[in-house]
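The structure presented is a predicted model; accordingly, all values stated were derived computationally and were not measured.
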Amino acid sequence: HGLTRSVRDSATLFAATERHGVGTVYPPIGNVTTPASRRLRIGVLPHSLKRRAPGHDVQAGVDATVRLLEALGHSVRPTEWPVDGFALSEDFGVLYSNGALGVVKLLRANLGRDPDESMLEPLTLAMAARAEADPAGTLEAVTDRMNAVAGVYDSWFDEFDVVLSPVMLTPTVRLGEIRGDVPVDLLLKRLDAFVDYTVLHNIAGAPAMSVPLHWTADGLPVGMQFAARGGDERTLFELALELEHAQPWADRKPPVFAA
């Protein structure tokens with residue numbers, strides 16, 4: 001959605017989006033301007049989808065965030081992912097590859113030939129090739145499983161109002177580590193070591209927010225992810241406003257260079 005320095009700006013942008021939404025699924029929440037008074041049931045994930053522990057700096061951020069939430073009066077306790085994270089990640093890879101294949105097919109139809117690396121990044125071409133090599137019916141089977149995930153995700157929030165995790169397994173990667181011309185196998189390995197918390201929310205179409213509640217010794221922000229039931233953006237904005245008041249971040253800026 002929007003990347004801002006203040007919850008006010010994020011909430012205002014979201015409200016503006018709602019006013020011009022077409023075919024929306026959930027009722028509008030309006031512009032959220034004040035934190036809620038109710039205390040939340042917050043689940044915290046001890047590991048990523050593939051059951052990996054986050055890096056030291058990231059875990060320190062999670063621990064500090066839990067202490068802050070408890071000091072504010074929220075109830076925080078451990079939870080587990082409601083799905084098989086390994087299987088979900090594999091299925092998401094199929095969807096990701098087919099997205100790349102869709103781009104390749106579009107260009108192929110308009111150009112009358114296959115696109116090359118002068119038009120698309122090597123990763124896009126490689127993922128499209130993987131999708132074309134999948135057996136017939138693979139995408140349909142994955143799509144059916146993904147459609148079932150949304151219901152499983154929502155049932156998670158019968159027990160919790162919000163679920164906390166890091167956004168990434170590691171702090172910010174160095175410039176150039178993840179880019180389109182890195183050899184594909186190496187690039188996928190680097191991505192896998194970095195991203196392993198956000199897939200479920202993307203598939204479920206559920207709201208989640210990244211809040212900069214922790215900073216490394218180099219002054220780089222470490223995002224904490226708070227997720228809610230589908231359509232419950234209000235709870236997230238209200239919590240963000242409370243966290244922003246308790247631990248302001250707007251005046252903190254990362255250095256131009258970090259080790």
Side-chain angles (χ1 to χ4, degrees), residues 3 5 42-72 74 76-90 92-93 96 123 153 156 160 162-204 206-228 236 239-240 243-244 246-250 252-259:
L3 181 63
R5 288 192 179 276
I42 300 177
V44 58
L45 288 160
H47 49 71
S48 72
L49 271 169
K50 294 182 182 177
R51 306 192 70 82
R52 291 177 289 192
H56 173 75
D57 269 326
V58 177
Q59 185 60 56
V62 174
D63 295 341
T65 299
V66 168
R67 292 193 295 271
L68 174 61
L69 292 167
E70 290 177 335
L72 292 170
H74 298 288
V76 185
R77 60 188 178 88
T79 185
E80 288 287 338
W81 295 97
V83 295
D84 180 336
F86 291 94
L88 185 75
S89 298
E90 288 295 319
F92 186 76
Y96 189 84
L123 177 63
Y153 177 91
W156 202 10
F160 298 100
V162 172
V163 171
L164 164 67
S165 76
V167 177
M168 303 292 180
L169 279 160
T170 67
T172 306
V173 298
R174 296 175 69 86
L175 286 173
E177 283 192 17
I178 295 176
R179 64 178 191 269
D181 61 347
V182 173
V184 170
D185 288 342
L186 177 59
L187 179 57
L188 290 174
K189 183 178 179 180
R190 289 178 178 178
L191 285 169
D192 185 59
F194 184 52
V195 181
D196 200 19
Y197 284 103
T198 61
V199 169
L200 176 58
H201 313 92
N202 286 325
I203 291 172
M209 64 180 183
S210 172
V211 184
L213 292 177
H214 184 67
W215 297 71
T216 68
D218 293 328
L220 297 176
V222 177
M224 295 294 112
Q225 177 172 264
F226 294 88
L236 294 181
L239 176 59
L243 293 171
E244 182 181 44
Q247 192 169 298
W249 59 75
R252 300 197 65 168
K253 293 180 173 63
V256 176
F257 298 101

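Atom CG in L239 sits 5.5 Å away from atom NE2 in H74 (nearest 0.5 Å). Note that CG of L188 and CG of L123 are 5.5 Å apart. Values are rounded to the nearest 0.5 Å. Once rounded to the nearest 0.5 Å, the distance linking CH2 of W215 with CZ of R252 reads 5.0 Å. Note that the CG atom of N202 and the CZ atom of F92 stand 5.5 Å from one another [nearest 0.5 Å]. One finds the NZ atom of K50 at 11.5 Å from the CG atom of D84 (value rounded to the nearest 0.5 Å). Here the straight-line distance linking atom CG of L213 with atom CH2 of W249 works out to 6.0 Å at 0.5 Å rounding.
In terms of heavy-atom proximity, P54 sits nearest to P46 at CD-O, 4.3 Å. Smallest separation of non-hydrogen atoms from E177 and V182: O-CG2, 4.0 Å. Closest approach of L45 to S165, counting heavy atoms only: CD1-CB, 3.9 Å. Residues P171 and T216 approach most closely at CB-CG2, 4.0 Å, considering heavy atoms. Residues A227 and L236 come closest through the heavy atom pair C-CD2, 4.0 Å. Summarising the geometry of P255 relative to G219, their closest heavy-atom pair is CD-O, 3.5 Å, with the distance given to 0.1 Å.
Within 6.0 Å of OH in Y96 there are 12 or fewer heavy atoms belonging to other residues, nucleotides or ligands. Atom NZ of K189 has 12 or fewer neighbouring heavy atoms from other residues, nucleotides or ligands inside a 6.0 Å radius. L175 CG: 12 or fewer foreign heavy atoms inside a 6.0 Å radius.
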For a quick test of your reading: what N or O donor-acceptor pairs under 3.5 Å do the side chains of residues 56-72 make, sequence neighbours left out?
| residue | atom | partner | partner atom | Å |
| --- | --- | --- | --- | --- |
| Q59 | NE2 | D63 | OD1 | 2.9 |
| T65 | OG1 | G61 | O | 2.8 |

- Item | Evaluation steps, side chain to side chain contact (heavy atoms under 4.5 Å, CB included), between W81 and L88 | CA-CA 11 Å; W81 295 97; L88 185 75; over 6 Å; no

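Partners of D181 under the side-chain hydrogen bond (donor to acceptor under 3.5 Å, both in side chains) rule, at least two apart in sequence or in another chain, are R179. Partners of E90 by side chain to side chain contact (heavy atoms under 4.5 Å, CB included), not counting sequence neighbours: none found. The ring pair (Phe, Tyr, Trp, His ring centres under 6.0 Å) test applied to H201 returns Y153, not counting sequence neighbours. Considering only residues two or more places apart in sequence or on other chains, R5 meets the salt bridge (charged side-chain N to carboxylate O under 4.0 Å, His left out) condition with none of them. In terms of the side-chain hydrogen bond (donor to acceptor under 3.5 Å, both in side chains) criterion, residue partners of R52 (sequence neighbours excluded) are, by chain and number, D192, D196. The side-chain hydrogen bond (donor to acceptor under 3.5 Å, both in side chains) search around H47 returns R51, E80, not counting sequence neighbours. Residues passing the side-chain hydrogen bond (donor to acceptor under 3.5 Å, both in side chains) test with S210: none are found, sequence neighbours excluded. M168 pairs by the side chain to side chain contact (heavy atoms under 4.5 Å, CB included) definition with F194, V195, not counting sequence neighbours.
Proximity of V222 to M224: side-chain heavy atoms (C-beta onward) are separated by under 4.5 Å at one or more points. Within the 4.5 Å cutoff, the side chain of Y197 has heavy atoms near those of the L169 side chain.
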